[in-house]
2 protein chains.
Amino acid sequence: MADITIKDVAALAGVSAATASRVLSGNPATSPQSRDKVAAAVIELDYRPNAQARALRSTRSDSIGLLVPDVRNPFFADLAHTVEQAALSEGYVTLLGNANEQKEQQDRYLDTLISRRVDGIIVAPLGDGGGSIRSLIEREIPTVFVDRTIDGIDVPSVTTDSEVGIRQTVQHLAALGHTRIGYISGPQATSTGRDRFAAFTAAVADAGLSQDPDLVYFGDFQAASGSAGLHALLELHDPPTALLAADSLMAVGAIAILHKLGLRIGTDLALVAFDDIEWFALLDPALSVISHSVEDMGRIAVEMLLEVIAGHTPESVVLPSELVIRGSSSLPILPASSRRKN
Amino acid sequence: MADITIKDVAALAGVSAATASRVLSGNPATSPQSRDKVAAAVIELDYRPNAQARALRSTRSDSIGLLVPDVRNPFFADLAHTVEQAALSEGYVTLLGNANEQKEQQDRYLDTLISRRVDGIIVAPLGDGGGSIRSLIEREIPTVFVDRTIDGIDVPSVTTDSEVGIRQTVQHLAALGHTRIGYISGPQATSTGRDRFAAFTAAVADAGLSQDPDLVYFGDFQAASGSAGLHALLELHDPPTALLAADSLMAVGAIAILHKLGLRIGTDLALVAFDDIEWFALLDPALSVISHSVEDMGRIAVEMLLEVIAGHTPESVVLPSELVIRGSSSLPILPASSRRKN
DNA sequence: CGATTCCATGGAATCGATTCCATAACCACA
DNA sequence: TGTGGTTATGGAATCGATTCCATGGAATCG
């Protein structure tokens with residue numbers, strides 16, 4: 001792999017390495033002849049600058065890091081896509097890392113991104129503020145939190161106001177006659193898990209519905225815990241007639257079990273999921289969701305990160321959420337007698 | 001951002017930079033005292049080696065690149081996840097790029113990965129062998145193709161033998177009485193698009209079914225083209241009674257339209273999709289799919305790439321596919337008279 | 001026409017870590 | 001005690017690109 005360096009280009013063009021470098025970086029202090037000769041040499045040799053060396057000297061790498069908790073979660077896949085497109089249009093390349101909802105892996109990726117001297121990092125953080133997250137802050141590496149935050153860590157963030165959507169959902173379900181709403185919560189170690197749980201608790205209390213603690217199951221945002229949660233809720237002496245899942249993967253896990261048990265969504269159990277995923281509209285009945293814009297979130301996160309890199313301190317942004325009612329939660333509750341037993 | 005360098009560590013430890021470097025890289029020619037002092041200094045300063053500088057000198061970066069055509073396609077999201085986990089367990093970090101099914105963006109990402117001097121690249125390529133793919137080969141950068149290949153480019157690959165699964169599908173549909181099977185094809189610019197189309201054509205001919213060319217619609221593997229394809233097929237004078245979609249996203253696009261038109265899957269139109277996605281099993285009726293193992297594909301791709309990096313030339317691997325029959329294709333065909341008109 | 005500015009250019013230092021090479025210290029054995 | 005052989009260590013070169021600084025030539029002005 002005989003690498004072609006700027007010296008080869010300079011030699012072929014008959015100029016010095018310094019001049020070649022100037023031409024390549026668009027420095028105006030170059031003559032048209034040099035420009036032409038260097039350009040020709042670059043094409044002739046198919047020269048690609050060594051990003052390592054460039055970044056070493058100039059302390060910029062034109063790359064940002066994006067760390068998501070789970071690429072297989074469609075919400076984060078979409079987020080990765082929008083962040084990447086937005087960054088690309090600003091001339092930045094995105095290095096994507098996947099924490100797999102594990103703090104240890106998050107730390108490993110953060111270390112790597114720090115080592116590679118990315119110009120900035122967008123992260124949907126998990127855990128407390130310990131480990132590599134702390135290093136990030138102490139080194140003053142430009143950082144933006146997305147979707148989630150960490151208490152006590154003061155970093156600009158783009159998050160969703162889950163409160164409105166959840167309140168709408170609880171009121172909507174109450175209006176249909178539901179009094180016992182089950183909730184499959186995200187982990188309390190994440191800010192979204194806590195916020196959504198608090199919003200649910202408050203909304204249920206305000207609507208005068210059952211506050212039975214057994215109606216809440218604490219999952220981990222991954223599909224298997226949605227299945228486990230549904231099982232737990234159905235086994236209650238007095239099971240819920242409606243269910244809200246705090247993210248799409250746990251909803252999928254719950255739906256899988258409902259299918260297996262032969263229970264009908266929207267009839268035997270009303271169902272609403274947080275996160276609007278294209279697929280949810282294709283189910284029969286279509287799934288009601290609490291929707292928030294992943295495009296806005298990704299785009300704004302990139303804009304904010306560029307601001308931080310430029311030395312500014314942008315205000316955090318909170319995006320709205322709203323209930324989208326579909327077939328899975330549109331029927332009034334059936335009288336208990338006609339409901340199927342499990 | 002006052003960066004801490006190995007010199008700071010060496011100074012604090014009271015040794016030279018050379019010795020500090022030796023300790024950090026586990027070189028045995030170091031004394032226990034030096035080891036202890038350097039280790040203490042590293043922790044004290046929270047030192048992170050500069051990956052750029054390290055890679056510049058040692059010509060290894062301990063990172064690989066993975067370029068997928070579309071992160072939002074669950075198949076590639078899963079692939080990204082398995083590749084990343086497999087690479088991580090071998091000590092490599094994965095830089096993920098998203099070509100967005102566009103050759104231009106693929107080239108841009110390949111250029112970036114080449115510039116960053118990744119140790120190797122796993123790519124699901126698109127286009128002919130031109131552009132940056134050619135550079136990759138000419139520079140002898142360790143490369144492995146995954147899912148797709150490019151004619152005339154001799155690179156180890158892991159692909160799926162779509163032929164078996166497609167043949168099973170056509171025979172299965174024929175056994176149910178279908179004679180006119182619609183096919184939403186992938187683009188002929190991709191090897192998977194071509195292979196699957198060829199397999200479909202051959203299977204239909206062998207089964208003695210209709211070879212009407214109007215039954216084939218050429219999409220681009222993204223959801224919108226699935227919708228367009230379904231529309232086109234339904235508008236035929238003599239529309240198909242069964243449909244095979246060449247990937248999951250186009251199937252999703254088709255399903256969305258079926259819902260909108262009020263047509264029932266499995267009854268009004270039998271449906272089978274290539275790629276097994278968790279969600280497909282949750283639809284009602286559950287979707288029949290041609291399944292192939294994304295875990296195997298990702299794991300083997302990483303193994304192969306490490307072999308190439310080590311200087312060997314592994315044999316290409318072709319993984320099997322198989323039909324999984326579910327509700328969307330289990331009913332015998334209805335007599336034409338009882339079918340709904342569109 | 002001499003003095004001054006301007007501009008393109010090359011040489012050399014630099015970024016941070018690795019690694020070759022030389023050296024010094026130490027042990028062992030004759 | 002002198003020679004040979006390890007072993008730990010520091011100095012210096014190196015990777016490839018950028019950038020400061022000095023220089024020589026052309027252009028401009030009084």
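Since this is a predicted model, take the numbers as computed values, not measurements. Lettering of chains follows the sequences in order, A, B, ..., and the numbering in each one begins at 1.
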In whole Å, what is the span from the CZ atom of B:R54 to the P atom of D:dG16? 18 Å
B:T5 near the nucleic acid: base, sugar-phosphate alone, or nothing, with a heavy-atom cut-off under 4.0 Å? sugar-phosphate
Which letter, B, S or -, goes with each nucleotide of nucleotides 6-12 of chain D from 5' to 3', with contact meaning a protein heavy atom under 4.0 Å? --SBBB-
Nearest-Å distance for atom pair NZ/C1', residues A:K37 and C:dG10: 13 Å
Charged N to carboxylate O below 4.0 Å: is that the case for A:D296 and A:R299? yes
Looking at B:Y47, I'd like to know whether one of its side-chain N or O atoms comes within less than 4.0 Å of OP1 or OP2 on C:dG16. no
To the nearest Å, give me how far apart CG (B:N50) and P (C:dA17) are. 6 Å
From CG of B:L56 over to P of C:dT18, roughly how many Å is that when rounded to an integer? 11 Å
How many whole angstroms separate atom NZ of B:K7 from atom P of C:dA17? 9 Å
B:E138/A:R48 salt bridge by N-O under 4.0 Å criterion: no
Measure the distance from CZ on B:R57 to P on C:dA17 and round it to the nearest whole Å. 14 Å
B:I6 CD1 to C:dG16 P, in whole Å, measures 12 Å
Does B:R117 come within less than 4.0 Å of A:D3, counting only side-chain N to carboxylate O? yes
Tell me: CG of B:N27 to P of C:dC21, nearest whole Å? 15 Å
Ranges pairing with ranges for DNA chain D, where each run has three or more Watson-Crick or G-U pairs under 3.5 Å: C:1-30 with D:1-30
